[in-house]
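Numbers restart at 1 for each chain; the letters A, B, ... are given by sequence-line order, proteins then strands. All values reported here derive from a predicted model rather than from experimental measurement.
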Amino acid sequence: MSDDKKLTTRAENFSDWYNELVLRAELADYSPVRGCMVIRPHGYGVWERMQRALDDMFKATGHVNAYFPLFIPESFLSKEAQHVEGFAPECAVVTHGGGKQLEERLVVRPTSETIIYSMFAKWVQSYRDLPLLYNQWANVVRWEMRTRLFLRTMEFLWQEGHTAHATHDEAEAETRRMLGVYRDFMEGWMAMPVITGQKTESEKFAGALRTYACEAMMQDNKALQAGTSHNLGQNFAKAFDLTFQNEQGQQDYAWNTSWGVSTRMIGGLVMTHGDDSGLRLPPRLTPIQMVIVPIWKTDEERAATIEVAKRIAEELGSYKRPDHERIRVHVDDRIGIKPGAKYYHWELRGIPLRLEIGPRDLAANSGMLARRDTREKRSISLDALRTELPAILDTIQADMLAAARARLEANTIRERISYDRFKEVMDGPGAFVYAGWNGDPAVEARVKEETKATIRVIPDAEFRSSEAPTTCMVTGEPAKYEVVWARSY
RNA sequence: CGGGGCGUAGCGUAGCCCGGUAUCGCGCCUGCUUUGGGAGCAGGAGGUCGCCGGUUCGAAUCCGGCCGCCCCGACCA
């Protein structure tokens, strides 16, 4: 795809901007199958970085990976009433195989609770077998009516954690622990600040006791649910006869949790950090951290600058360097393309650093280093790259989080506002609005109907306002909770 | 599934009302000259005009049907 045209700006049309950016930065493309996308190497490279970081965090919190089948017997889904009600309408179902109609239809997993807990039931007899702390990296299918690249596709990639515990409290602690892992990942790796909290009844997972979520604010001030963690109670254990003998010798149902994040996070990354020149990738997740653009006039200069560039790339990226000192460098040695065109190319793709090396630099053993996030450009000694780059990348990572956090705060409303004012805000610029709620689902439904805004979360303590709201924004009745309202993806 | 828009070369488009097999830009290929913020010139390749049918001597264009995609709604990670 060509790089020569300007992007639609975010102000002109945020939605067009997003679609164009995803396509032109070569993160993904539309596929021949409606609602399904192809994740291209640049996008998949980001996903691989995400997987690696998260997988390390899961392992460090005691989890192990396993893999369960893509196909689930249709009857499994029906065993948990809420679950089937929530997922049946969006399931793809296999009716034929090998040219014959199947005796029992197979559902293509929309999520794997049922098949995983059916297996857990086989493996657990005693409290000594607990907890089971499993995770799987997989694809799932949900037959969506309306799709958008990364944000909602019919097939998507994710990880789903599934655990079984002896007590409610252990399961609750696990649910909260993994929500914290997600938050750490989103803030520490994606540089995307989130609000954590509990979902209301109407927004919780089908079959869960409680659902917790990480909500991030996109640049159009809409919320993106970026990760969820569910305390499933004993609902699935009862449906799949997942029982164990406890210390007292009695049979008891296990307590389950499940938690997941998906390729949707890549959409969140784009809408958190992208600008009108293209993508901006945080250093910890970008497939390429620095691109070197050699500049020359003569053949001799070309040979010399490319040679130096390649030597630097090899040194900095050597597998012999310790992991935290290794820099992912790409040399753009394409011939016949002017340096300026290369700058635009890599800026569109969000590469955090660009090093320009021309004949003048070579003579001084230096290069021009440009930051994608701030567009700052300065001279740097080539000998200093090795020692300085890790700190520069850390700075970019931190600055991107700080900028995103400042934007979140600038578009958050905490002062008491009237419901009329709330409607204006939602119809206008949008915001995260902290307000009192009387706890009535009917009020929630009415606000959604009238403003398209929903309660994103009942925020965790650290996010709540210093002075709790006393009245419901909509009815004026005493407030039961402080909640965060916003339109969402 | 309701509302709106659109299908012409890899991408974006003109032509369609007033039928005569296709315009322009970008990209791509070759050569030469270029290369510190989107190169220039010359030559060249690439299209069953979404699909099926109808009208006609003749259809990108008119008529009927179908399919697909995008956007807005209901649903949703």
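- Remark: the Arg354(A) side chain and the G37(B) base include a donor-acceptor N/O pair separated by less than 3.5 Å.
- Look at the C1' atom in both U13(B) and A22(B): the space between them is 12 Å, to the nearest Å.
- Looking at heavy atoms from C-beta onward, Leu54(A) lies in side-chain contact with Met265(A) at the 4.5 angstrom threshold.
- When the nucleotides A77(B), G36(B), G37(B) are ranked by their closest atom to the side chain of Ser262(A), A77(B) comes out on top.
- Rounded to the nearest Å, the gap between the C1' atom of U23(B) and that of A9(B) is 13 Å.
- Proximity note for Glu356(A) (side chain, C-beta onward) versus C71(B), G36(B), A77(B): the nearest is G36(B).
- Closest contact between the side chain of Glu144(A) and the listed nucleotides C71(B), A77(B), G36(B) involves A77(B).
- When each of A77(B), C71(B), U35(B) is scored by its nearest atom to the side-chain atoms of Thr153(A), the top-ranked nucleotide is A77(B).
- Contacts of Lys342(A) with the nucleic acid, taken as non-hydrogen atoms under 4.0 Å apart, are absent.
- Between the CG atom of Asp29(A) and the P atom of C70(B) there is a distance of 11 Å, rounded to whole Å.
- Across all strands shown, Pro89(A) has no heavy atoms under 4.0 Å from either base or sugar-phosphate atoms.
- The shortest distance between side-chain heavy atoms of Leu224(A) and Glu215(A) does not fall below 4.5 Å.
- Legend: ring pair (Phe, Tyr, Trp, His ring centres under 6.0 Å) pairs involving residues 350-371 of chain A, not counting sequence neighbours: none detected.
- Taking the side chain of Tyr344(A) as heavy atoms from C-beta on, and the options G36(B), G38(B), A77(B), the nearest nucleotide is G38(B).
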State the dot-bracket string of RNA chain B. Criteria: Watson-Crick or G-U wobble, both atom distances under 3.5 angstrom; notation: ( ) intrastrand, [ ] crossing earlier pairs, | interstrand, . unpaired. ((((((((.[[[..)....(...]]].((((((.....)))))).....[[[[[..)....]]]]])))))))....
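- Among Lys342(A), Arg372(A), Arg354(A), Arg371(A), the one residue that satisfies the salt bridge (Lys or Arg N to Asp or Glu O under 4.0 Å) test with Glu347(A) is Arg354(A).
- Note: OH (Tyr489(A)) to C1' (C72(B)) measures 14 Å, nearest angstrom.
- By the 30° and 60° cut-offs, the orientation of the rings of Trp189(A) relative to Phe185(A) is parallel.
- G50(B) and A59(B) have their C1' atoms separated by 16 Å, with the value rounded to a whole Å.
- Screening Phe240(A), Tyr134(A), Tyr117(A) against His162(A) for a ring pair (Phe, Tyr, Trp, His ring centres under 6.0 Å) leaves a single residue, Tyr117(A).
- Glu347(A) comes within 4.0 angstrom of a base, heavy atoms only.
- What separates CG of Leu23(A) from P of G10(B) is a distance of 17 Å, to the nearest Å.
- Rounded to whole Å, the C1' atom of U61(B) lies 6 Å from the corresponding atom of G19(B).
- Here Met368(A) lies in heavy-atom contact (under 4.0 Å) with a base.
- Put simply, CD on Glu20(A) is 15 Å from P on C11(B), counting in whole angstrom units.
- Between Phe236(A) and His83(A), the ring-plane angle classifies as perpendicular under the 30° and 60° cut-offs.
- Lys377(A) comes within 4.0 angstrom of a nucleotide base, judged by non-hydrogen atoms across all strands.
- Atoms CG (Leu348(A)) and P (G37(B)) sit 19 Å apart, rounded to a whole Å.
- Checking the phosphate oxygens (OP1, OP2) of G36(B), a side-chain nitrogen or oxygen of Lys338(A) falls inside 4.0 Å.
- Contact annotation for Ile335(A): no contact, since no heavy-atom pair falls under 4.0 Å across all strands.
- Classification of Asp427(A) and Arg487(A) as a salt-bridged pair holds, one side-chain N sitting under 4.0 Å from a carboxylate O.
- Tyr212(A) has its ring centre no less than 6.0 Å from the ring centre of His230(A).
- Whole-Å rounding puts the Arg24(A) CZ to C26(B) P distance at 15 Å.
- With C71(B), G37(B), A77(B) as the choices, the nucleotide that has an atom nearest any side-chain atom of Gln225(A) turns out to be A77(B).
- Nearest-nucleotide positions on RNA chain B place Ile337(A) closer to the 5' end than the other of Ile337(A) and Glu90(A).
- Ring orientation note: the planes of His330(A) and Trp346(A) are tilted relative to one another, at an angle of 30° to 60°.
- Taking the C1' atoms as reference points, G3(B) lies 34 Å from G47(B), given to the whole Å.
- In Arg52(A), the CZ atom is not crowded: 12 or fewer heavy atoms of neighbouring residues, nucleotides or ligands sit closer than 6.0 Å.
- The stretch residues 271-304 of chain A comes close to RNA chain B through Ile295(A), Trp296(A), Lys297(A), each having a heavy atom under 4.0 Å from the strand.
- Side-chain atoms of Arg264(A) lie closest to A77(B) of the nucleotides G38(B), A77(B), G37(B).
- Rounded to whole angstrom, the span from the CE atom of Met154(A) across to the C1' atom of C75(B) amounts to 14 Å.
- Of the side-chain N and O atoms in Asn13(A), none sit less than 4.0 angstrom from OP1 or OP2 of C71(B).
- Distance Lys452(A) NZ to C75(B) C1': 15 Å, rounded to the nearest Å.
- With C1' as the reference atom, G12(B) and U33(B) are 30 Å apart, rounded to whole Å.
- In the set G36(B), A77(B), C70(B), G36(B) carries the atom at the smallest distance from any side-chain atom of Arg360(A).
- For Asn19(A), whose side chain is taken as the heavy atoms from C-beta onward, the closest listed nucleotide among A77(B), G37(B), C71(B) is C71(B).
- As rounded to the nearest Å, U21(B) and C26(B) have P atoms that lie 26 Å from one another.
- Mapping Ser15(A) and Ser202(A) onto RNA chain B via the closest heavy atom, the residue that lands nearer the 5' end is Ser15(A).
- For the pair Arg142(A) and Trp158(A), the cation-pi criterion (under 6.0 Å, within 45° of the ring axis) is fulfilled.
- Using a 4.0 Å cut-off between charged side-chain N and carboxylate O, Arg183(A) and Glu187(A) make a salt bridge.
- Across all strands, Tyr30(A) comes closer than 4.0 Å only to sugar-phosphate atoms, never to a base (heavy-atom distances).
- Nucleotides G20(B) and C62(B) place their C1' atoms 14 Å apart, quoted to the nearest Å.
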